[in-house]
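Working notes for the structure below.
By convention in this document, chain letters (A, B, ...) are assigned in the order of the sequence lines, proteins followed by strands, and residues within each chain are numbered from 1.
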Protein chains: 2
Amino acid sequence: MATIGDVAREAGVSRSTVSYALSGKRTISQETRERIESAISRLGFTVNAGARALATSETMVLGLFLQFHEDEFPPAMLQYIYSISQAAREEGYDILMVTDADGPAAVRRITSSNMVDGIILLDIAHDDPRLEPLRSARQPAALIGLPRDTEGVDVFDLDFGEAARLLVDHLYGLGHREVILLAPPRHVFERGGAYAWRFRDAAMERAARYGITLYTYYGESQQPAINRSLNAILDARPSATALIVHNDASIAALPQILQERGTSVPGDLSVVSLFPREFGRSFQLPYTAIETSPDALAREAVQHLVRRIIDPDYAPPIVKFIEPQLTIRGSTA
Amino acid sequence: MATIGDVAREAGVSRSTVSYALSGKRTISQETRERIESAISRLGFTVNAGARALATSETMVLGLFLQFHEDEFPPAMLQYIYSISQAAREEGYDILMVTDADGPAAVRRITSSNMVDGIILLDIAHDDPRLEPLRSARQPAALIGLPRDTEGVDVFDLDFGEAARLLVDHLYGLGHREVILLAPPRHVFERGGAYAWRFRDAAMERAARYGITLYTYYGESQQPAINRSLNAILDARPSATALIVHNDASIAALPQILQERGTSVPGDLSVVSLFPREFGRSFQLPYTAIETSPDALAREAVQHLVRRIIDPDYAPPIVKFIEPQLTIRGSTA
DNA sequence: TGCATACGTCGAACCGGTTCGATGAGTGTA
DNA sequence: TACACTCATCGAACCGGTTCGACGTATGCA
């Protein structure tokens with residue numbers, strides 16, 4: 001493989017001149033630059049990433065840490081992964097994807113060996129054990145999801161509380177007074193997925209204020225329990241006139257269940273939910289819903305992270321909630 | 001950050017001694033080793049990945065190249081990503097995930113800058129444009145999927161032909177003589193997803209041999225077209241007694257469609273398919289099916305790749321088809 | 001004509017590891 | 001007692017880049 005030294009020799013200049021021609025950090029005469037460029041293409045030279053990283057302490061790689069929980073709905077996760085990867089590339093960064101079961105150890109391993117310039121964490125728990133190693137790392141971090149303690153990290157998340165309020169308001173406005181809330185699986189609450197209780201608590205608080213009776217249930221994450229539990233819940237609350245589904249796996253299964261039961265939407269039951277618009281591509285989800293916007297979230301997180309890599313003090317740590325958008329699809333009355 | 005030099009000073013030895021203590025490539029006295037180890041933990045030293053990569057020409061990173069086609073079913077993709085990542089970690093490698101729209105350029109960029117020790121390609125097209133830059137790369141590659149020309153790469157794939165034959169045999173044995181085959185979306189054929197026609201051609205050939213009438217249709221990849229097309233196909237062939245679904249997005253939608261139509265399985269229609277077992281976790285798929293085994297495929301691909309990284313000539317290039325497994329779920333009669 | 005400035009290039013040092021050859025001390029053997 | 005080996009360690013070179021200071025030459029301005 002051609003090195004910068006080979007290029008220098010071929011072009012009859014010094015290695016430093018080639019480096020400056022490449023980076024543009026010092027002026028190089030037109031003629032020399034051309035000799036160098038032709039030498040580069042003749043030799044098929046590309047800078048060695050490891051060597052550059054060693055010299056500059058910049059790898060141009062972001063670490064993406066995620067965990068595959070059994071109770072997670074795969075399409076949602078992929079949406080984040082993809083958006084993050086695309087956004088990173090637009091900023092000139094590649095993605096090192098780390099899925100180790102032992103999250104904190106992985107964070108320590110990757111950051112302390114200097115493999116990445118910055119960190120993105122998905123699937124944040126309320127007391128996320130990965131935050132501690134992250135805080136003592138040299139690299140800045142952006143979280144997608146809200147932990148208890150946001151010190152030293154940038155946080156991006158949907159405003160789940162506001163999302164819940166929007167949905168409850170919407171139903172209240174239509175006259176609903178008995179509503180079922182299907183929350184994420186119990187595991188998510190136990191693991192500390194704060195988005196789950198932020199949504200639930202806001203919905204409960206709002207319902208209480210309006211005098212709405214809110215029946216709250218945990219959803220299931222895997223078939224066939226998902227279907228069984230959906231049926232059981234609907235059986236248990238025949239008087240409810242509306243259903244709020246905050247549960248990806250269940251919303252995907254809902255159309256068939258309602259079909260089976262002969263329940264018409266919104267005739268017999270109004271349904272609102274919360275899911276990425278992209279779900280609608282793979283699944284038939286004709287429900288009025290808040291969009292969780294993984295793409296927007298990913299984009300913001302990456303862009304801020306990159307800015308912070310370039311200038312660690314460009315701003316105090318950010319906690320940014322993105323505004324929920326309600327998309328009306330006619331599933332309520 | 002502590003460097004190997006800091007450790008050496010702290011332990012009162014030379015840098016090379018520390019390096020040998022770390023790698024075990026030369027004998028080090030018990031006593032010196034202990035001094036070094038204590039210095040390492042006192043200083044919190046970790047080797048710098050870039051420096052090591054530069055010195056050894058080994059990055060301990062695998063490049064995972066994938067593309068997000070609009071017509072792809074997300075859960076399937078994620079299953080591969082996750083399995084590859086886990087398998088890689090077990091072999092001591094991390095994953096650089098590359099999703100650039102321009103595949104060949106990305107391959108060139110990553111390989112020539114020496115960011116990875118080996119390459120894994122997903123989503124192989126019959127004439128995959130990424131293969132050319134791959135062949136001139138220093139790093140070995142493993143493909144999950146079969147291209148036209150397998151020269152210089154290791155290939156791993158499900159034996160789609162055999163899968164089709166197994167399914168047709170199964171249906172023939174039960175007496176079916178009029179069968180619908182729902183193939184992948186037209187785009188997949190056009191793009192050169194060879195698995196699509198390998199399956200279809202084998203099914204057609206087998207059906208012809210048995211005197212089975214096979215109605216072949218392209219599936220759709222996005223809602224609401226998926227549902228519309230499923231209904232249209234079933235309407236068009238009321239006399240068919242069995243349905244073979246080789247289409248992830250459609251199989252996920254099928255239960256509801258059949259429900260809606262009042263079609264009972266296997267009473268009115270026998271259904272067989274082809275999907276990863278893991279789909280059954282998120283979706284209710286009570287269908288007899290071939291398992292596509294992303295996990296097994298990923299594992300084999302990674303392990304072979306690693307072996308080839310260590311010894312490029314350990315064996316001639318491999319084309320390995322894994323044996324399809326039929327799981328009976330009682331959806332045929 | 002003289003001096004300060006800008007331009008273009010070079011050499012050397014450095015980033016943080018690994019590895020090869022050399023060296024001195026200790027052990028076994030003829 | 002001399003010689004050959006092994007063991008433990010060190011110093012130097014190297015991997016392939018970047019960057020700083022220096023230097024010679026051309027240019028601008030007084």
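With rounding to the nearest 0.5 Å, the separation of OH in Y93(B) from OG in S85(B) is 15.0 Å. To the nearest 0.5 Å, the span separating CG on L96(B) from CG on D94(A) amounts to 5.0 Å. Going from atom OH of Y80(A) over to atom CG of L122(A) covers 8.0 Å, rounded to the nearest 0.5 Å.
Considering only heavy atoms from C-beta on, T17(A) comes within 4.5 Å of I36(A) through its side chain. Two residues are said to be in side-chain contact when any heavy atoms from C-beta on lie closer than 4.5 Å; D128(B) and L143(B) fail this criterion. Counting only heavy atoms from C-beta outward, the side chains of D100(B) and Q86(A) never approach each other to under 4.5 Å. Contact annotation: the side chain of R299(B) approaches that of E90(B) to within less than 4.5 Å [non-hydrogen atoms, C-beta and beyond]. Using a 4.5 Å cut-off on side-chain heavy atoms (C-beta onward), L64(A) and L66(A) make contact.
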Could you please spell out the steps behind the salt bridge (charged side-chain N to carboxylate O under 4.0 Å, His left out) verdict for D149(B) and R135(B)?
CA-CA 11 Å; D149(B) 179 1; R135(B) 294 211 172 86; 3.8 Å; yes
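Rounding to whole angstrom units, CZ of residue R35(B) and C1' of dA8(D) are separated by 12 Å. With rounding to whole Å, M115(A) atom CE is found 14 Å from dG17(C) atom P. Put simply, CD1 on I4(A) is 14 Å from P on dG11(C), counting in whole angstrom units. Across the protein-nucleic acid pair, N114(B) atom CG and dG17(C) atom C1' stand 16 Å apart, rounded to whole Å. Rounded to whole Å, atom P of dG16(C) lies 8 Å from atom CG of D6(B). In this structure, I28(B) places its CD1 atom 18 Å from P of dT6(D), rounding to the nearest Å. One atom, CE of M1(A), and another, P of dC14(D), lie 21 Å apart when rounded to the nearest Å. N48(A) has its CG atom 7 Å from the P atom of dG16(D), to the nearest Å.
For the helix from dT1(C)-dA30(D) to dA30(C)-dT1(D), the rotation axes defined at the first and last 5 base pairs enclose an angle of 40°, given to the nearest 10°.
As judged by a 4.0 angstrom heavy-atom cut-off over every strand, S19(A) is placed among the base-contacting residues. Residue T46(A) is in sugar-phosphate contact alone, with no base atom involved, counting any heavy-atom pair closer than 4.0 Å across all strands shown. At the heavy-atom level, T27(A) lies under 4.0 Å from base atoms of the strands shown.
A search for ring-ring contact (aromatic ring centres under 6.0 Å, His included) contacts involving F156(A) returns H304(A), not counting sequence neighbours. The ring-ring contact (aromatic ring centres under 6.0 Å, His included) test applied to F45(B) returns no partner, not counting sequence neighbours.
Side chains of S38(A) and R42(A): a donor-acceptor N/O pair is present below 3.5 angstrom, by distance only.
Applying the 4.0 Å criterion to OP1 and OP2 of dT19(C), one finds that K25(B) has a side-chain N or O inside that range.
The environment of NE2 in H187(B) is sparse: at most 12 heavy-atom neighbours from other residues, nucleotides or ligands sit within 6.0 Å.
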Atom pairs, protein N/O to nucleotides 21-25 of chain C N/O, distance under 3.5 Å:
unit_1	atom_1	unit_2	atom_2	d
dG21(C)	N7	R26(B)	NH2	3.2
dG21(C)	O6	R26(B)	NH1	2.2
dG21(C)	O6	R26(B)	NH2	3.3

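Contacts of residues 50-63 of chain B with DNA chain C (heavy atom under 4.0 Å): A51(B), R52(B), L54(B), A55(B), T56(B). Within residues 8-18 of chain B, the residues having any heavy atom under 4.0 Å from DNA chain C are, by residue number, R15(B), S16(B).
Evaluated for a side-chain contact (heavy atoms from CB on, under 4.5 Å) with Y195(B), the options L146(B), T292(B), V188(B) yield exactly one hit, V188(B).
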